[in-house]
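See structure below.
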There are 2 protein chains.
Amino acid sequence: MDDKVLGILGGGQLGRMVLEVANRLNIKTYILDSGINTSAKQISNSTEHIDGSFKDAESIKKLCEKSDVITIEIEHINADILIDIQKSKPSLKIFPSPKIIKLIQDKYIQKIHFIHNDINVAESASVEKSEESLIKIGGKFGYPFMLKSRTLAYDGRGNFVVNSKEDVPKGLEFLKNNNLLYAEKWCPFIKELAVMVVLTQDGSVHTYPTVETIHKNNICHIVYAPAEVSSKIQVAAQELAKKAVGSLKEAGAGIFGVEMFLLEDGELLINEIAPRPHNSGHYTIDACVCSQFEAHIRAVMGLPIPEGATSFSTNTTNAIMLNVIGFKEPNGELKACHRAFETAGASVYLYGKSSRHERKVGHINIVGSSMEENKKKLDYIMSGVSSKVPSSIAGTSKTPLIGVVMGSDSDLPVMAVGANILKKFNIPFELSIVSAHRTPLRMVEYAKGAGDRGLKVIIAGAGGAAHLPGMVAAMTTLPVIGVPVKGSSLDGVDSLYSIVQMPRGIPVATVAINNSTNAALLAIRILSSFIPEYREQMERYMAEMEKEVNGKIERIESIGYEAYLK
Amino acid sequence: MDDKVLGILGGGQLGRMVLEVANRLNIKTYILDSGINTSAKQISNSTEHIDGSFKDAESIKKLCEKSDVITIEIEHINADILIDIQKSKPSLKIFPSPKIIKLIQDKYIQKIHFIHNDINVAESASVEKSEESLIKIGGKFGYPFMLKSRTLAYDGRGNFVVNSKEDVPKGLEFLKNNNLLYAEKWCPFIKELAVMVVLTQDGSVHTYPTVETIHKNNICHIVYAPAEVSSKIQVAAQELAKKAVGSLKEAGAGIFGVEMFLLEDGELLINEIAPRPHNSGHYTIDACVCSQFEAHIRAVMGLPIPEGATSFSTNTTNAIMLNVIGFKEPNGELKACHRAFETAGASVYLYGKSSRHERKVGHINIVGSSMEENKKKLDYIMSGVSSKVPSSIAGTSKTPLIGVVMGSDSDLPVMAVGANILKKFNIPFELSIVSAHRTPLRMVEYAKGAGDRGLKVIIAGAGGAAHLPGMVAAMTTLPVIGVPVKGSSLDGVDSLYSIVQMPRGIPVATVAINNSTNAALLAIRILSSFIPEYREQMERYMAEMEKEVNGKIERIESIGYEAYLK
């Protein structure tokens with residue numbers, strides 16, 4: 001595709017997945033890493049890879065001599081020598097720039113950089129390797145606080161939680177091999193979020209969706225994409241990630257993994273940035289058309305990244321990534337891979353690494369149109385046990401697609417008939433009482449949150465001065481179906497007019513008086529326009545109705561209308 | 001993943017894409033092909049690949065010695081030697097079985113096999129390589145007929161169209177290097193369809209979706225997935241493909257590309273079967289979670305393929321595959337790849353092959369939620385010119401999502417108001433007159449075909465004894481919105497009751513009398529539950545309404561209600 005040659009410092013699984021894309025694009029690539037059979041080198045027959053350390057000046061020089069573009073798959077490389085080489089070979093493009101790699105290598109300097117750029121981070125302080133210095137910080141930050149290595153720390157290595165004064169010597173012992181330390185005030189986060197960000201050579205910044213990362217023993221374990229937070233927080237996380245990477249414009253180009261903390265009050269703090277493809281972005285291989293690895297290649301090689309390329313491949317995509325991490329018992333972790341093969345929507349990626357306790361040897365991506373479904377698959381893959389769907393009284397337990405509400409429990413006998421239809425079709429729904437006149441604030445909350453909670457349709461039943469359907473419709477973009485419930489006077493015409501005669505601008509889909517059956521069927525038709533299973537069910541339902549009437553026709557014709565009447 | 005070693009006969013692009021999956025699954029794989037840098041061998045650093053022909057007995061023996069499972073990426077291999085080897089090494093699994101490979105190698109025997117198994121094919125006859133024999137067939141089949149090589153034919157090589165008696169010597173000359181010929185009656189197909197089918201070792205048969213293939217100079221050029229044919233034909237094609245592959249159960253396991261012809265009357269004929277991954281299945285890399293290459297690996301290695309793994313990744317996935325075929329001018333074809341990089345939803349796959357005129361050097365997949373959108377992207381990638389969307393009077397030119405119908409042109413002034421809303425939101429829709437009472441058969445046709453044509457919602461307006469909305473709803477599973485149009489008497493209450501008071505079983509979403517605005521807004525709300533762009537637009541629309549009223553509030557409060565009235 002491109003005559004330019006790409007050199008990569010580091011040949012682990014991230015390099016492997018970058019190389020996979022380079023292979024697909026006919027981009028000549030050389031890997032620098034120790035060994036001739038590293039994860040990345042395995043998938044290339046080139047004889048020109050370099051066997052050497054990505055910290056070794058001579059090896060790096062060799063790679064740079066034969067490359068037009070240099071990038072990294074790990075940040076713990078010798079950045080100083082890259083800075084030197086850049087000076088003597090100005091035509092060489094190094095992305096991200098060695099200067100930014102160096103800045104990121106020292107987590108404390110990284111934090112200071114963000115503070116200078118007005119980007120929220122947890123409060124930090126540099127400390128000396130002495131009990132005195134740490135006790136002083138403990139006094140300032142309170143306990144627990146984090147004691148962290150400034151350099152060479154990843155996958156939780158180099159982090160220690162100081163729970164009390166008494167922990168101070170243990171912390172110093174734990175981090176005795178790390179030269180530079182810093183302390184971080186305890187961050188009472190409720191979730192860890194992450195966003196992959198691409199910086200292109202023309203200075204534009206693209207973000208992937210916001211995801212939630214779950215760590216186990218300080219190693220990334222599971223990623224939920226998108227994160228199950230409000231769309232407001234999702235957007236705020238993407239904006240913060242963009243701002244953080246934007247502050248590193250000197251990096252030139254490449255992909256960045258931005259990890260952050262979500263606090264209870266909705267505030268977001270940057271945790272740290274990885275200047276390379278990142279474990280939290282592995283889901284993009286299946287969930288996005290352009291994976292993080294392809295985006296990285298495109299960015300550093302100067303190929304275009306169009307608007308939208310870094311978003312989910314469809315509007316309903318949900319993904320879960322599960323790391324395959326070595327068991328104590330060799331290859332024990334592969335059992336999960338076997339279960340993934342049995343699971344539609346799951347894909348297995350192994351890195352050509354031998355099994356070793358706590359080693360990342362692969363990952364599994366699960367994609368589907370609902371997170372609920374993906375989670376059930378995850379349960380099976382992790383445990384071998386299919387999770388059951390507990391039934392509940394007012395609906396089913398999957399994420400509800402339809403919300404059924406009514407103004408009063410006196411409407412329930414009418415509305416329950418429709419609810420039974422939803423059950424018959426096995427549609428996940430919720431059912432409750434929301435009164436426009438008696439619980440107006442509850443109604444506002446219900447209507448405003450309905451879309452974000454995943455509902456696709458609302459059915460609202462009310463009688464008399466039946467305001468509920470119209471008022472709910474006024475506060476959501478969802479289609480609202482109104483069921484006029486017949487009251488004690490006017491035969492339900494009061495309810496019907498109250499519901500159907502909405503002013504221009506706010507529609508309510510009105511069905512016949514007391515006919516919650518049709519409200520349910522209409523809601524199912526709406527779903528079935530987009531979800532083929534429901535369309536098939538509706539076709540069967542309608543065929544069944546026809547058959548039933550045909551049966552009556554047959555009977556009336558065979559026995560005659562008089563006998564039929566009896 | 002698996003200790004079993006896989007040997008592949010053939011190391012071209014199909015082998016490369018199979019190997020890519022094997023790499024991801026840590027499956028040790030050896031390639032047999034001539035050369036050390038074939039397309040497949042490029043993406044593996046194993047030193048144990050075999051440099052030799054896949055027709056050469058000794059090379060095949062070598063591969064079989066070191067493999068536990070043998071498969072092919074091309075059917076023109078030495079099948080006889082595989083049959084021998086199988087006898088002396090019964091533990092070796094060869095998928096598909098050499099016997100079936102041999103059967104498929106001879107296209108005429110293949111045809112006879114299908115005829116014996118009661119599977120529709122074009123009428124064929126074996127012919128001698130003589131003018132006399134061909135003229136006799138011409139007399140029997142009529143002109144034009146196809147003269148085809150029985151063996152070693154693919155990508156249109158080995159096919160000649162005999163247009164008249166005078167063409168007979170030309171045909172013999174064209175195929176002079178082919179030993180065995182057969183003639184095929186001209187098949188007046190309207191489309192060429194294809195289905196990828198997976199046969200597993202336990203005998204189950206899975207199909208991928210039905211696609212349409214477009215050939216140029218006898219080479220596969222473009223694939224549309226799914227094929228733009230009715231869902232009935234899609235299913236029939238899958239069933240036929242299943243039946244055809246089912247007749248090859250002795251094959252053991254593997255993936256098969258089934259090519260067929262669709263005739264004008266809806267009949268399907270098998271053209272031929274490829275016992276391996278196939279060009280018509282390349283779209284699966286991006287459109288399905290489990291690609292054809294992965295399905296093949298799973299089938300031959302005995303890994304599970306769960307129900308649903310071979311279907312589109314989502315209900316709204318549409319894909320187009322464009323082959324990247326060598327230009328006369330070297331690398332001229334790469335311009336299309338560059339344009340694909342500029343196109344969201346497009347992915348480029350190059351095979352590590354040098355550019356040569358008419359050589360397949362790669363392919364481009366385009367995925368999206370509408371075929372219309374994908375086609376526009378294809379236009380751009382092929383020509384560099386973005387196709388414009390011509391506007392039309394009664395709607396927009398994209399595949400319509402909403403159908404607007406009314407009983408009479410007298411309803412148009414009312415219904416046009418709603419149509420304008422749809423235009424304002426830039427929703428593709430169609431608009432026409434369908435009268436329940438005056439054009440009842442047109443109504444039946446309209447309602448019955450609406451879902452298959454891609455409509456998601458129907459808006460129907462009618463007045464008086466307003467039967468149209470309810471009758472349309474009775475013949476479709478789509479949600480139908482009814483607009484009661486006010487007639488000359490009863491103030492529209494007649495229309496309202498006729499539309500809203502539907503019997504249980506068939507719902508109509510009724511809006512206020514004459515309020516086609518709300519019908520349009522309701523239809524957009526339905527779309528917006530599944531299409532986020534529309535949800536955003538609806539949010540903006542509602543915010544705009546609020547702002548407008550706020551303006552009025554401000555004005556009335558500042559100038560007073562009396563001045564306001566003037």
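In what follows, chains carry the letters A, B, and so on, assigned in the order in which the sequence lines appear, proteins first and then strands, with residues in each chain numbered from 1. For the numbers below, each heavy atom of this structure counts, side chains included, while hydrogens, waters and symmetry mates do not.
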Given A344(A), G505(A), S46(A), G352(A), the one with more heavy-atom pairs under 4.5 angstrom with chain B than any other is G505(A)
* To do: For the residue pair N514(B) and V483(B), establish whether any side-chain heavy-atom pair is separated by less than 4.5 Å.
  => no
Item to check | Pairwise side-chain contact, Y534(B) with L401(B), heavy-atom cut-off 4.5 Å (strictly under) | outcome: yes
With chain A, the option among R298(B), M502(B), M17(B) that has the most non-hydrogen atom pairs under 4.5 Å is R298(B)
Residue from V457(B), I506(B), L527(B), D286(B) scoring the most non-hydrogen pairs under 4.5 Å with chain A is I506(B)
Scan side-chain atoms only and decide if Y351(B) and N23(A) contain a donor-acceptor pair under the 3.5 Å cut-off. no
- Query: Step by step, would you call S44(A) with Q42(B) a side-chain hydrogen bond (donor to acceptor under 3.5 Å, both in side chains)?
  - Reply: CA-CA 6 Å; S44(A) 158; Q42(B) 287 171 22; over 6 Å; no
Ranking V21(A), L522(A), N331(A) by heavy-atom pairs under 4.5 Å to chain B gives rank one to L522(A)
Turns out that what part of M545(B) lies under 4.5 Å from chain A's heavy atoms comes down to side chain
Electrostatic pair K377(A)-E373(A), nearest N-O below 4.0 angstrom: yes
Turns out that what part of L19(A) lies under 4.5 Å from chain B's heavy atoms comes down to neither
Between S528(B) and Q537(B), does the side-chain hydrogen bond (donor to acceptor under 3.5 Å, both in side chains) criterion hold? Intermediate values first, please. CA-CA 9 Å; S528(B) 77; Q537(B) 270 197 69; over 6 Å; no
Rounded to the nearest 0.5 Å, the CD1 atom of I43(A) sits from the CD atom of E20(A) at a distance of 5.5 Å
Greatest number of non-hydrogen atom pairs under 4.5 angstrom with chain B, of S347(A), P503(A), S516(A), falls to P503(A)
Turns out that what part of P484(B) lies under 4.5 Å from chain A's heavy atoms comes down to neither
So, the part of I481(B) with a heavy atom under 4.5 Å from chain A: the answer is neither
Applying a strict 4.5 Å limit to non-hydrogen atoms, the region of T343(A) in contact with chain B is backbone
Under 4.5 Å to a heavy atom of chain A? For I524(B) that would be neither
Note to self: For I381(B), is there any backbone N or O sitting under 3.5 Å from a side-chain donor or acceptor partner on R339(B)?
What the structure shows: yes
Whatever's closer than 4.5 Å to a heavy atom in chain A on M542(B) counts as side chain
Exactly one candidate in V367(A), N365(A), I366(A) meets side chain to side chain contact (heavy atoms under 4.5 Å, CB included) with V289(B); the answer is V367(A)
Ranking I499(A), D452(A), V361(A) by heavy-atom pairs under 4.5 Å to chain B gives rank one to D452(A)
Cut-off 4.5 Å, heavy atoms of chain A, and the answer for N37(B) is both
Cut-off 4.5 Å, heavy atoms of chain A, and the answer for I285(B) is side chain
Pair count under 4.5 Å, heavy atoms only, with chain A: among P306(B), A509(B), A346(B), highest is P306(B)
Is there a donor in the side chain of S498(A) and an acceptor in the side chain of S495(A), or the other way round, less than 3.5 Å apart? no
The reported gap from CD1 in I421(A) to CD1 in I459(A) (rounded to nearest 0.5 angstrom) is 10.0 Å
If one checks every heavy atom of E294(B) against chain A at 4.5 Å, the contacting part turns out to be side chain
query = Which of parallel (below 30°), tilted (30 to 60°) and perpendicular (above 60°) describes Y497(B) and Y497(A)?
reply = parallel
Bottom line for I531(A): the part with an atom under 4.5 Å from chain B's heavy atoms is both
When the 4.5 angstrom heavy-atom criterion is applied to T310(A) and chain B, the contacting part is neither
Honestly, the part of S311(B) sitting under 4.5 Å from a heavy atom of chain A is neither
Heavy-atom closest pair (P226(A) atom, F312(A) atom, distance to 0.1 Å) is N-CZ, 3.6 Å
Most heavy-atom pairs under 4.5 Å with chain B, out of H49(A), R535(A), Q501(A), R504(A), belong to R504(A)
Problem - L521(A) side chain reached by M538(A) side chain, heavy atoms, under 4.5 Å - result: yes
Residue from A474(B), A519(B), G482(B), A473(B) scoring the most non-hydrogen pairs under 4.5 Å with chain A is A473(B)
The interface call for V324(B) against chain A, heavy-atom contacts under 4.5 Å, is neither
Applying a strict 4.5 Å limit to non-hydrogen atoms, the region of V508(B) in contact with chain A is backbone
